[in-house]
Amino acid sequence: MTSRLFPLFADLRNRTVLVVGGGGVARRKVAALLDTGARIVVGASQLDRELEALAAKDRIETITGDFVDAWLDDAWLVIAATDDAATNHAIAAAAESRRIFANVVDDAELSSIHLPARVERGPLQIAISSGGGAPMLARHIREQLEIQFDESLGALAELLQRSRARIRAKLEDLPARRRFFDRVLAGPIPALLRRGDTISAERALQANIDSASPLLGRVALVGAGPGDPGLLTLRALRLLNEADVILHDRLVSDDVLALARRDAELIEVGKHVGGDHHATQSAIHRLLVEHAKSGKRVVRLKGGDPFVFGRGGEELEALQLHGIDFEVVPGITAAVACGAYAGIPLTHREHAQSVRFVTAHTKGDDDIDWQALAQDRQTLAFYMGVSGLERIRDRLVAHGRSANTPIALVENGTRAGQRVVIGTLAELPELARVHGVAAPAILFVGEVSALATRLHWFGAAPLQGLPASARDAALARAA
Ligand code: SAH
């Protein structure tokens, strides 16, 4: 890698800066130094009239004669602005041996420090450097910035400078201050200053400071949808762009995470198979509370919708217990998204008048009303079902649902690798096994599942049924 210049802003107050040269170039450098508070010493055999005038007004001190090393005795910085290359060389060499930074006008090679092109707005300065390689480009960019940033930016910088101590006293931690400034800069204050109404701007800022709370950390419980980032809501996207911290499940797709603010802290809090869910859940509660209490904007990002088998309710209760502000952003839940992307309408005038979202992940049978689930003319969407398929089939058939009821398994719905497997309830477990269906997958039971053969539009065509021999065996077993 090539080395690059390191930008610095120097405090030159009461520090000696030596400018060697008495002509127009030296004069321009002196002019740039005048408001820094530096002690400016100009050394030259002859000074032009303007420099003489500055000396007469005690704005600069002068030394007359040819450069000698001793001129550098008090200097922190030297600018070689003579029209004699040999003298400029000698100055650079002398400065180098004394470890004094030197700028040699129009000679980037000899310079140990470069003077940038500048845009100044009150206390705010924008410095531009091309590393000496393309000064015209730096100048061009400066001109563009001059147009882009009007003079009121200086007033804004001054206003914020005047209020700095008050703001810091009110908001001690950095994320809270960052949020405060985001709000102030997006509000009416810049426009007030552009109109020259400093008094109103000052008042508005004070009102902002008065109402600012140091504990403004809040949590947004956000549904990330099933995986395709196009299915995020606009609000989810905005919150991802603003978040300081994002706690996400493993289910949330990389494509969605890629939309998060670049310097947001991403924390995966997925539950691992066989892990202690209770411990994981309380660890999540702890993390949410800690980050929010430190004033951060926290996004708790969950696959699908946060209130559909997402334990979102429990997390909100934990936040409420600690008095932490929250909001909830719904997401497209897996049943809805997978139905859409597999060509399975969840309800249908001819086949299904209702749809039920069911979790197959329960401790015992007591939790599930199989009698109700076995009713005809409804669609069942089983979440987290991949491992309990045998039980689902057996219970539904035992409670009267036909073994011939169409089913569909949608794996990785809406994502690049989406697979849809369709068949009948009788052959369900074998189907999953033969096709190696893995999580995340959702199971649809009901006549509408068969429509995927005709209505599929996304990804590969559905895989259908079992080989004939396996089917007969499956039917016999279910009977
Ligand atoms: N809150 C989530 C569900 C969490 S439970 C939602 O509203 O979608 C996790 C289960 O959701 C998975 O086991 C699977 O059954 C289902 N699921 C989530 N995303 C899925 C996807 N992209 N494709 C298929 N099933 C998915």
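Numbering of ligands and ligand atoms starts at 1, following listing order.
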Show which side-chain atoms of residues 149-160 pair as donor or acceptor with protein atoms under 3.5 Å away, not counting sequence neighbours.
residue : atom : partner : partner atom : Å
Asp150  : OD1  : Ser152  : N            : 2.9
Asp150  : OD1  : Ser152  : OG           : 2.5

Can a salt bridge be assigned to the pair Arg311 and Asp249 using a cut-off of 4.0 Å between side-chain N and carboxylate O? no
If the test is side-chain contact (heavy atoms from CB on, under 4.5 Å), which one of Val299, Val219, Leu287, Leu301 qualifies with Leu247?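 Among the candidates, only Leu287 passes.
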With a 4.0 angstrom cut-off on heavy atoms, strictly below it, pick out the residues next to ligand 1 and order them by chain and number.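 Lining ligand 1: Pro226, Leu251, Gly303, Gly304, Asp305, Val308, Phe309, Thr333, Ala334, Cys338, Tyr383, Met384, Val410, Asn412, Gly413, Arg415, Pro440, Ala441, Ile442.
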So, Trp76 versus Phe101, ring centres under 6.0 angstrom or not? no
Taking side chain to side chain donor-acceptor pair (under 3.5 Å) as the test, write out the residues that go with His351, two or more places apart.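 Partners of His351 under the side chain to side chain donor-acceptor pair (under 3.5 Å) test: none.
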Residue list, side chain to side chain contact (heavy atoms under 4.5 Å, CB included) with Thr198, at least two apart or on another chain: Arg162, Leu193, Glu202
